[in-house]
Amino acid sequence: VEDDVMARLNVDMKNISPRSSASFNIVVEEMGEYTRFFDEFQIGWRMPKEGGWYYDMYDHPLKGEVTAADIDAYRFPDARDPVRFAGLREAAIRVANEDQRAVVFGNISAGIFELYTWLRGYKAAYTEWAESPKMASHLMGRILEMQMAYWEKALPILGDVIDVAQCADDVAGQNGLLISPRS
């Protein structure tokens, strides 16, 4: 959100987000009637060239049948890459001191369950959750490890200048939980 809009709406906070790792370079390319890119998690996103306003997920790196070995072989982005944190402390101090706003610092990714569904694809993720909860837990455990590595690096750098450490997840919809609490 632009600063003038934030001022007009009396927004008293501002989000500071991590960068991608140094090993990742986004490439937006043409794909028929779409433009597309793959993010640093290797998730494919595409947007219609005509009438498109945003990118939708269309490809998932751990789609289909996977084994624990496939999950273990999947390469998560480097959560501790120093490039990810370059300039963020200074940006947070600027927001706090110059903008006089609370500083919210974002996570490396979507939440654990949400990233799980993005990596597997929704159909595979929900099916696996019901039929093979150990496999689902295995992947979510790997996501948790990656996120913990991120926070173990981020908090010593930014912890004294941020007001909120943002971790969010999609586990519910408008009318209730996405999965049964009994599962």
Side-chain angles (χ1 to χ4, degrees), residues 1 11 13-21 23-24 26 36-47 53-64 66 68 70-81 83-85 88 91-92 95 102-159 161-183:
V1 176
V11 175
M13 53 73 62
K14 189 170 186 178
N15 184 281
I16 303 294
S17 297
R19 303 174 186 281
S20 298
S21 67
S23 63
F24 177 72
I26 192 166
R36 74 171 181 182
F37 70 92
F38 288 86
D39 65 22
E40 70 175 323
F41 289 89
Q42 300 114 47
I43 298 166
W45 298 84
R46 69 182 180 190
M47 177 177 62
W53 292 95
Y54 54 87
Y55 286 88
D56 288 306
M57 272 183 284
Y58 79 97
D59 196 20
H60 312 276
L62 293 172
K63 64 184 173 244
V66 295
D70 295 326
I71 291 170
D72 291 340
Y74 172 75
R75 291 182 41 127
F76 282 93
D78 183 357
R80 293 187 173 122
D81 185 338
V83 171
R84 192 176 298 284
F85 305 97
L88 291 178
V95 167
V103 181
V104 177
F105 184 65
N107 200 353
I108 187 175
S109 69
I112 294 169
F113 185 74
E114 187 174 12
L115 184 57
Y116 161 71
T117 61
W118 292 8
L119 293 172
R120 293 286 287 124
Y122 292 106
K123 181 178 179 183
Y126 284 105
T127 301
E128 183 172 75
W129 183 265
E131 295 177 356
S132 184
K134 285 185 180 181
M135 188 68 70
S137 293
H138 184 67
L139 178 52
M140 285 190 279
R142 294 282 321 282
I143 294 167
L144 175 61
E145 290 169 7
M146 183 241 350
Q147 289 191 358
M148 291 299 295
Y150 169 78
W151 287 110
E152 287 168 0
K153 176 82 174 184
L155 290 177
I157 295 169
L158 294 156
V161 294
I162 62 173
D163 298 292
V164 176
Q166 178 186 354
C167 285
D169 213 333
D170 275 353
V171 296
Q174 299 291 6
N175 299 312
L177 296 174
L178 297 175
I179 55 173
S180 169
R182 293 182 303 272
S183 41

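Because the structure is a prediction, the values reported are computed rather than measured.
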Check Tyr116 against Trp129 and note the closest heavy-atom contact, atom names and distance. OH-N, 3.7 Å
Find out whether Arg80 and Glu152 are in side-chain contact, i.e. whether some heavy atom of one side chain is under 4.5 Å from a heavy atom of the other. yes
Please confirm whether the backbone N or O of Ile112 pairs with a side-chain atom of Asp169, one donor and one acceptor, at under 3.5 Å? yes
Return the orientation label for the Phe76 and Phe41 ring planes: parallel under 30°, perpendicular over 60°, tilted otherwise. perpendicular
Side chain of Arg120, backbone of Pro61: donor and acceptor closer than 3.5 Å? no
Does Trp45 offer a backbone N or O that forms a donor-acceptor pair with the side chain of Arg36 under 3.5 Å? no
Taking side chain as C-beta onward, heavy atoms only, is Trp151 less than 4.5 Å from Cys167? yes
Quick one: does Asp78's side chain get under 4.5 Å of Phe24's, heavy atoms only? no
For the atom pair CE (Met47) and OH (Tyr54), what is the distance rounded to the nearest 0.5 Å? 11.0 Å
Separation between CD1 (Ile43) and CG (Leu119), nearest 0.5 Å, reads 5.0 Å
Validation row: Leu158, Leu88 side chains within 4.5 angstrom (heavy atoms): yes
Treating Thr117 as the side-chain partner and Glu114 as the backbone partner, does any N or O pair qualify as donor plus acceptor under 3.5 Å? yes
Minimum heavy-atom separation for Met135 to Val66, with atom names? CE-O, 3.8 Å
What one should report as the nearest heavy-atom pair of Met146 and Leu115 is CE-CD2, 3.9 Å
Provide the closest heavy-atom pair for Leu62 versus Asp70 in the form atom of the first, atom of the second, distance. CD2-O, 4.1 Å
Okay, side chain of Gln147, backbone of Ala110: is any donor-acceptor separation there less than 3.5 Å? yes
Heavy-atom closest contact (Ala92 atom, Val103 atom, distance): O-CG2, 3.4 Å
Quick check for you: to the nearest 0.5 Å, what is the distance between Ile108 atom CD1 and Ser21 atom OG? 8.0 Å
Parallel, tilted or perpendicular: rings of Phe105 and Tyr150 (30°, 60°): parallel
Worked verdict on Ile16 versus Val95 for side-chain contact (heavy atoms from CB on, under 4.5 Å): CA-CA 9 Å; Ile16 303 294; Val95 167; 3.7 Å; yes
Rounded to the nearest 0.5 Å, how far does CD of Glu40 lie from CZ of Arg19? 12.5 Å
Working to the nearest 0.5 Å, report the span between CD1 of Ile143 and CZ of Phe113. 10.0 Å
Could you tell me if the side chain of Gln166 sits less than 4.5 Å from the side chain of Asn15, heavy atoms only? yes
Answer yes or no: does atom CE of Met57 have more than 12 heavy-atom neighbours from other residues, nucleotides or ligands under 6.0 Å? yes
Hydrogens and angles aside, do Tyr74 and Arg142 bring a side-chain donor and acceptor to less than 3.5 Å of each other? no
All heavy atoms of His138 vs all of Ala68, minimum pair found to be NE2-O, 3.7 Å
